[in-house]
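Here is the structure we will look at.
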Amino acid sequence: MNTIKPSSPYIRPIPSMVLNALHCTQSKPNPSFSPKYPSILATNIIKSYFDKGVIKEARKLFDEMPDRDVVTWTAMITGYTSCNYESFAWNIFYEMLKEGVKPNAFTVSSVLKCCKGMKCYSCGALVHGLSVKHGLVGSIYVDNSLMDVYGYTHRGDGYGGLRAFQQMLSEGAEQSAFSFSIAVKACALTGASSHGGQLHATSVKYGLNSSLPVMNSIIDMYCWFQCLSEASQCFNEMPQKDIISWNTLISGYKRSNSTMCLSLFTSMESQGFTPNCFTFTSVVAACADLSILTCGQQIHANILRKGLDRNMAIGNSLIDMYAKCGSISDSRKIFELLSFKDLVSWTSMMIAYGVHGYGVESVKLFDEMVKSGIRPDRVVFMTVLSACSHAGLVNEGLMYFDSMKTEYNIIPDQDIYGCVVDLLGRAGKVEAAYELIQNMPVNPNDSVWGALLGSCKAHKLPNLGKLAAQFMLEAKPDMARTYLLLSNLYASEGEWKDFAKMRKLMKGLGGRKEPGCSWIELKNDVYSFAVGDKVGPQTERVYEVLSMMILHMEVAGYVPDIDYSLHEFEDGIS
DNA sequence: ATAGGGTTAG
């Protein structure tokens with residue numbers, strides 16, 4: 001649990017004797033305490049600070065301690081890890097080694113848990129090596145945590161996990177709720193829904209369907225398989241539900257039906273369950289998905305009343321929600337308020353700036369983040385590259401691309417290449433972008449070709465554009481947009497035969513294209529409208545205002561881009 | 001002060 005509660009009401013007052021003991025080492029020596037004693041007390045207090053989620057206080061105490069032994073360092077590593085601050089835990093471990101403190105079995109198993117949380121298996125291997133060097137392998141704790149780091153399911157290898165489970169079954173090993181819930185999780189990871197039903201049936205056979213963790217993981221599995229009715233059925237048939245059962249179903253619905261997610265939240269509260277940080281992150285994300293600001297604000301108020309506003313996961317989802325609801329200043333407020341920011345906090349704020357056109361601010365935030373000691377990952381590099389691209393910071397972007405590979409050992413994937421192609425192409429260096437594609441070590445996918453296609457269109461390079469569009473169609477044949485662009489390219493070149501071919505292919509996709517729409521929130525209701533919609537008695541007035549706005553835009557020099565709207569004309573929507 | 005199941009955010 002990483003609940004960060006407001007400090008004062010949750011912390012038991014520290015007895016003055018303890019406080020004296022803490023300070024006596026320097027100012028007034030107290031004969032009743034041996035020099036070691038205060039450090040043990042302080043270590044215990046550090047642990048309890050982490051238990052309450054007041055991380056800053058823990059760190060402050062740690063920084064003030066004059067003598068820190070291996071136990072103190074380990075308490076910091078365990079504490080940070082238990083609050084999901086793995087990168088801080090890792091930094092502490094690094095500092096500890098630098099100061100020459102020798103890790104013991106406790107330290108190593110804590111650090112391994114931290115590696116697992118970071119999903120950083122090279123870090124795990126590093127610690128493995130260190131454990132061998134310090135003769136710590138063979139301790140049951142160290143061995144189990146090593147297995148945990150290297151284990152199948154936690155690494156995302158669902159099939160590996162299931163194979164181990166199958167072996168367990170065939171060897172007749174005793175089954176428990178523990179093994180089952182992990183097996184179900186492994187099955188969810190494979191995405192093979194047929195095994196899911198079997199596993200569910202087997203759990204009934206072993207009488208484990210009364211275990212809350214087992215049933216909760218089964219609900220989660222059905223949600224990942226998009227079998228929402230099966231998930232709901234399991235949920236409804238459970239004689240007893242806990243908060244995790246609700247959270248599992250709510251987060252499942254958030255992924256496929258945000259409206260339903262919100263109504264589940266309402267029934268959860270009406271049945272007397274108190275939402276926690278997990279619930280709120282899903283529900284806030286649902287508001288972000290639906291772009292419903294007032295609802296998001298009401299839930300935010302609920303969060304404030306429960307004193308959960310300093311929780312990092314909730315804060316991160318609030319940043320995203322306010323940005324997606326158009327209220328970037330609120331995103332920034334939440335971001336500033338977070339006493340602890342992790343990689344996701346920074347990335348969310350950077351994306352918020354990016355989508356609102358503040359590329360420079362986004363890039364600045366990236367530098368600040370790195371300076372604060374957080375190690376960037378693939379996602380945040382995508383964010384900073386796209387920010388550079390939109391702000392026209394080509395050289396800076398290329399520099400980040402380079403440091404990603406050389407400084408952070410992140411191997412660029414297709415999406416990253418897509419960002420760099422976009423960076424170059426947007427700035428008019430379309431040839432350089434094409435050259436990059438030809439030299440990239442992985443096969444270019446639709447995001448790469450799409451970026452090139454976009455820049456060919458913007459900089460009017462029909463020939464390269466046609467090439468990009470053809471590759472794009474190979475990679476992703478169901479994009480009506482690509483056919484449209486390609487057909488327009490053919491039309492501009494007078495290649496009517498190819499034009500007709502594209503139009504025909506495009507029509508075949510007709511039913512699959514989702515119509516675009518806009519919406520506005522007015523007095524607790526959301527009104528959505530598509531091109532050409534009639535919006536009640538006020539329709540005429542709305543269109544009057546619209547034509548006036550278009551006139552203003554044209555006076556200001558706006559030239560409409562009709563490449564994408566042609567399709568709508570043909571469908572007769574417009 | 002140490003490991004072991006299910007739910008969260010970019």
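A note on names: the letters A, B, ... follow the listed sequences, proteins ahead of strands, and every chain is numbered from 1.
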Donor + acceptor pair across side chains of A:Thr78, A:Ser110 (<3.5 Å):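 Side-chain D/A pair, A:Thr78 to A:Ser110: present.
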Starting at atom [atom1] of [X], determine the distance to atom [atom2] of [N], rounded to an integer number of angstrom.
X: A:Met312; N: B:dG10; atom1: CE; atom2: C1'; value: 12 Å
X: A:Lys102; N: B:dA1; atom1: NZ; atom2: P; value: 22 Å
X: A:Tyr206; N: B:dG5; atom1: OH; atom2: P; value: 21 Å
X: A:Ile77; N: B:dT2; atom1: CD1; atom2: C1'; value: 12 Å
X: A:Ile303; N: B:dT8; atom1: CD1; atom2: C1'; value: 12 Å
X: A:Leu146; N: B:dA3; atom1: CG; atom2: C1'; value: 11 Å
X: A:Asn247; N: B:dT7; atom1: CG; atom2: C1'; value: 5 Å
X: A:Asn209; N: B:dG5; atom1: CG; atom2: C1'; value: 16 Å

Would you indicate which nucleotide in [options] comes nearest to any side-chain atom of [X]?
X: A:Asn104; options: B:dT2, B:dT8, B:dA1; result: B:dA1
X: A:Lys113; options: B:dA3, B:dG10, B:dG5; result: B:dA3
X: A:Asp220; options: B:dG10, B:dT7, B:dA9; result: B:dT7
X: A:Asp342; options: B:dG10, B:dG5, B:dA9; result: B:dA9
X: A:Ser251; options: B:dG10, B:dA3, B:dT7; result: B:dT7
X: A:Val380; options: B:dT2, B:dG10, B:dT8; result: B:dG10
X: A:Ile182; options: B:dT8, B:dG10, B:dG5; result: B:dG5
X: A:Ile351; options: B:dG10, B:dA9, B:dA1; result: B:dG10

When you measure from the side-chain N and O atoms of [X] to the phosphate of [N], is any distance below 4.0 Å, counting only OP1 and OP2?
X: A:Lys116; N: B:dA3; result: no
X: A:Lys185; N: B:dT7; result: yes
X: A:Arg255; N: B:dT8; result: yes
X: A:Thr74; N: B:dT2; result: no

Return the orientation label for the [X] and [Y] ring planes: parallel under 30°, perpendicular over 60°, tilted otherwise.
X: A:Phe340; Y: A:Phe88; answer: perpendicular
X: A:Tyr222; Y: A:His200; answer: perpendicular
X: A:Tyr417; Y: A:Phe401; answer: perpendicular

Is the Lys NZ or Arg CZ of A:Arg68 less than 6.0 Å from the centre of A:Phe62's six-membered ring, within 45° of the axis?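 Yes, a cation-pi geometry holds between A:Arg68 and A:Phe62.
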Pi-cation contact, A:Trp90 with A:Arg375 (under 6.0 Å, within 45°):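 No, a cation-pi geometry is absent between A:Arg375 and A:Trp90.
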Base, sugar-phosphate, or nothing for [X], non-hydrogen atoms under 4.0 angstrom?
X: A:Asp143; value: nothing
X: A:Ala105; value: nothing
X: A:Ser211; value: base
X: A:Thr43; value: nothing
X: A:Val108; value: nothing
X: A:Leu343; value: base
X: A:Lys341; value: nothing

Ring-on-base stacking [N] with [X] (under 5.5 Å, under 30°):
X: A:Phe106; N: B:dA1; result: yes
X: A:Phe278; N: B:dT7; result: yes
X: A:Phe178; N: B:dG5; result: yes

Between A:Glu368 and A:Lys364, is a salt bridge (charged side-chain N to carboxylate O under 4.0 Å, His left out) present by the stated rule, with each step listed? CA-CA 6 Å; A:Glu368 255 181 71; A:Lys364 247 166 70 185; over 6 Å; no
Return yes if the base of B:dG10 and the side-chain atoms of A:Ser348 contain a donor-acceptor N/O pair under 3.5 Å, otherwise no.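 Flag unset: no donor-acceptor pair detected.
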